[in-house]
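The sequence lines fix the lettering, A, B, ..., with proteins before strands; numbering per chain opens at 1.
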Number of protein chains: 2
Amino acid sequence: MSPSYLDLVRQCDNFPYYEDSPQLYHDTKKHFYEFRVSDCDRLLGHIPTSVIDKVQWPECWIIDHSKKTATLGSGSPDTAAVRTRLLATTMHQMAQMNDFPILRGWRNETFPVYGPGGDVLLEIERSGSALFGIVTYGVQLTCYVEDEHGLRVWIGRRSRSKQTYPGMLDNTAAGGLGTGRLPGRAVIQEAVEEASLPTSVLTEGLQSAGCLSYYYIQGSHSGAADGLLQPEVEYVYELKLDPNTTPQPGDSEVEQFNLWSVDDVGNALRKGEFKPNSAIVLIDFFMRHGILTPENEPDFLEIVSRLHRRLEFPISTPL
Amino acid sequence: MSPSYLDLVRQCDNFPYYEDSPQLYHDTKKHFYEFRVSDCDRLLGHIPTSVIDKVQWPECWIIDHSKKTATLGSGSPDTAAVRTRLLATTMHQMAQMNDFPILRGWRNETFPVYGPGGDVLLEIERSGSALFGIVTYGVQLTCYVEDEHGLRVWIGRRSRSKQTYPGMLDNTAAGGLGTGRLPGRAVIQEAVEEASLPTSVLTEGLQSAGCLSYYYIQGSHSGAADGLLQPEVEYVYELKLDPNTTPQPGDSEVEQFNLWSVDDVGNALRKGEFKPNSAIVLIDFFMRHGILTPENEPDFLEIVSRLHRRLEFPISTPL
């Protein structure tokens, strides 16, 4: 049976909710150690117990097996730079173990981990962020045309050579927010690079339209290790294009762009042809634009709340 | 100090989150009995312990003081009609006690309570719904104009004689969803009645734009009893109006409508001049329309997730 829109949302937001089943919530958490730093009392992420068991943790870590916490700290109050360096050393050591395939994709690009006041507590190598279950951030852009043919959406097909989700359908442009990247600037940069859109068109028409947040337990689908936690935030943007402005693949990320009717996008969504977190951005787009309504989508309310999950970690936007 | 947008959101969504503090979450719950019916295993609402203690519960109720549950049922499998009748009898009895001021506003209008499959389990007299802490549903419409003066919003001022929030600022139209009212039809009806908008304009331009959900612990501000729980869902709609189409008060609900600039709406929001759940609809509108962005609103992420809280009860849209 083809997946419902709620099924697609559940593929991204599949960490159990406490209110649904305290038992299942706690049972799921039992497979993880809390990732913390010594100078902050907030939970920052989760490390699978299997990872805890495999690594010989250097002395900058306090691993508490009764509380199931892994706390990073030098022993004295740390700066972000110190924590980042300590963590990088640990991750280089993990990369040499060959037990963690995702670290083979080492990118020399970091993601920020925020504290409760919005300050960056540390940075973490992007390829290994899921090993620590920290919140990651991205941007997604949906370009559309509205004319006598109704509303149509510019859909990209991912390059067949991409490591993740090759050949699947995608939004017009998207990207991860490495340390220091502002969402509004990052989405313009991605749209220029991936879709060859003119900066002037983007600057003039780009509209911030909210954000999605969800809590994903990574399975084998992404080609990476099983059972990692990935709480994610996606800032969503939209841009109404003149029918004469055509996105064109600008790098090796995208194979081609096509202008799809709402019905065609809906059919492809239900066939599972979209990259999962691009699918939910389109579902949110359909809700903002009155295409999915309380009357025609039986799971309307559940979808809306699960697309905007409140994460249990400090989250912030770079300043 | 004037409230931030997040403060305004917190005024509506003020029930604690388990993930923030399990202790506070459970301490808050201790003041309530779970409202259940005998033929369904889901939690449907909450009744304050003070209410439990005051009422002589008829025999159609099983009050379990150790589990802190209040379960409605005839003893054999019930229909919705039977449950509705049993509950109405109890509420009439409560109304005669004079202990529950909100029941003095008896409206002979019911709200539906949904089961997990979307079927109506029972109906409950609207004026007393907060005594049982069930989810209530409403619609809100924001009308706006976009021309050479930028985006402006049609803001209403509530009648000074209204029982709730007299004289405060409000959205263009709004209303509660009594049993059987479909959101898309209800919002048109409210806009015709309250704002005198032509049905043809509404039918042509009205756009469903998602929904908000939040979990409110009622204080004294609404003029009703303290400490009642009100989980709420608001279906949100927007309508772009021609500058020549002017909403006009159509009944005694609204004193006047004015076309406000985004800056003026923002200033009035920060002065606390809006009815609280109208304020958050405008904040959501500002986020959908790129007026509040990740770069200019420091609490962007927290606001978005708290405006779309996942409620712990079965929720549904009438069919």
Side-chain angles (χ1 to χ4, degrees), chain A residues 13 17-20 22 25 43 114 118 135 137 139 177 182-187 205-214 233 235-238 284 286-319, chain B residues 13 17-20 22 25 43 114 118 135 137 139 177 182-187 205-214 233 235-238 284 286-319:
Chain A
D13 184 51
Y17 284 81
Y18 175 82
E19 289 81 2
D20 285 349
Y25 175 87
L43 174 67
Y114 294 101
V135 180
Y137 302 81
V139 290
L177 282 184
L182 296 169
R185 279 191 211 164
V187 70
L206 185 73
Q207 189 170 298
S208 164
C211 67
L212 305 187
S213 46
Y214 48 92
V233 170
Y235 297 95
V236 295
Y237 293 85
E238 59 184 46
D284 179 60
F286 281 0
M287 289 189 153
R288 285 200 313 279
H289 287 268
I291 295 158
L292 288 179
T293 71
E295 279 83 5
N296 70 18
E297 172 49 59
D299 302 309
F300 190 83
L301 300 175
E302 174 78 354
I303 288 172
V304 171
S305 61
R306 293 187 71 157
L307 287 181
H308 304 94
R309 184 169 186 152
R310 189 157 175 275
L311 301 171
E312 59 183 323
F313 314 94
I315 50 175
S316 188
T317 305
L319 297 177
Chain B
D13 184 50
Y17 283 81
Y18 175 82
E19 289 82 1
D20 285 347
Y25 175 87
L43 174 68
Y114 294 100
V135 180
Y137 301 81
V139 291
L177 283 184
L182 296 169
R185 280 191 211 163
V187 70
L206 185 74
Q207 190 169 299
S208 164
C211 68
L212 306 186
S213 46
Y214 48 92
V233 171
Y235 297 95
V236 295
Y237 293 85
E238 60 184 45
D284 179 61
F286 281 0
M287 290 189 153
R288 285 200 311 279
H289 287 268
I291 295 158
L292 288 179
T293 70
E295 279 83 6
N296 70 17
E297 172 49 58
D299 302 309
F300 190 83
L301 300 175
E302 174 76 354
I303 288 172
V304 172
S305 60
R306 293 188 70 157
L307 286 181
H308 303 95
R309 183 169 186 153
R310 188 156 176 274
L311 301 171
E312 60 184 322
F313 314 95
I315 49 175
S316 189
T317 305
L319 299 177

Turns out that what part of Phe313(B) lies under 4.5 Å from chain A's heavy atoms comes down to neither
For the residue pair Tyr18(B) and Tyr18(A), categorise the inter-ring angle as parallel (less than 30°), tilted (30 to 60°) or perpendicular (more than 60°).
parallel
Assert top hit (heavy-atom pairs under 4.5 Å, partner chain A, pool Pro294(B), Ser316(B), Pro318(B)) equals Pro294(B)
Name the member of Gly290(B), Pro298(B), Ser208(B) that forms the most heavy-atom pairs with chain A at distances under 4.5 Å.
Ser208(B)
Please look at Arg310(A) and chain B and tell me whether the side chain, the backbone, both or neither of the residue comes under 4.5 angstrom of a heavy atom of that chain.
both
Contacting moiety of Phe286(B), where chain A heavy atoms sit under 4.5 Å
neither
Tell me, side chain or backbone of Asp20(B) under 4.5 Å from chain A's heavy atoms, or both, or neither?
side chain
Between Phe300(A) and Gly210(B), the two heavy atoms sitting closest are CZ-CA, 3.6 Å
Partner chain B: residue of Glu295(A), Glu312(A), Arg306(A) with the largest heavy-atom pair count (under 4.5 Å):
Glu295(A)
How long is the straight-line distance from CD1 of Ile303(A) back to NE2 of His308(B), given to the nearest 0.5 Å?
13.0 Å
Contact origin within Tyr137(A) toward chain B - heavy atom pairs under 4.5 Å:
side chain
Please state whether the side chain, the backbone, both or neither of Val233(B) comes within less than 4.5 Å of a heavy atom of chain A.
side chain
Are the side chain of Gln207(B) and the backbone N or O of Arg288(A) linked by a donor-acceptor pair below 3.5 Å?
yes
Any heavy-atom pair between the side chains of Val304(A) and Ser213(B) that's under 4.5 Å?
no
Partner chain A: residue of Thr317(B), Leu301(B), Ile315(B) with the largest heavy-atom pair count (under 4.5 Å):
Leu301(B)
Does any backbone or side-chain atom of Leu292(B) lie under 4.5 Å from a heavy atom of chain A? Answer side chain, backbone, both or neither.
backbone
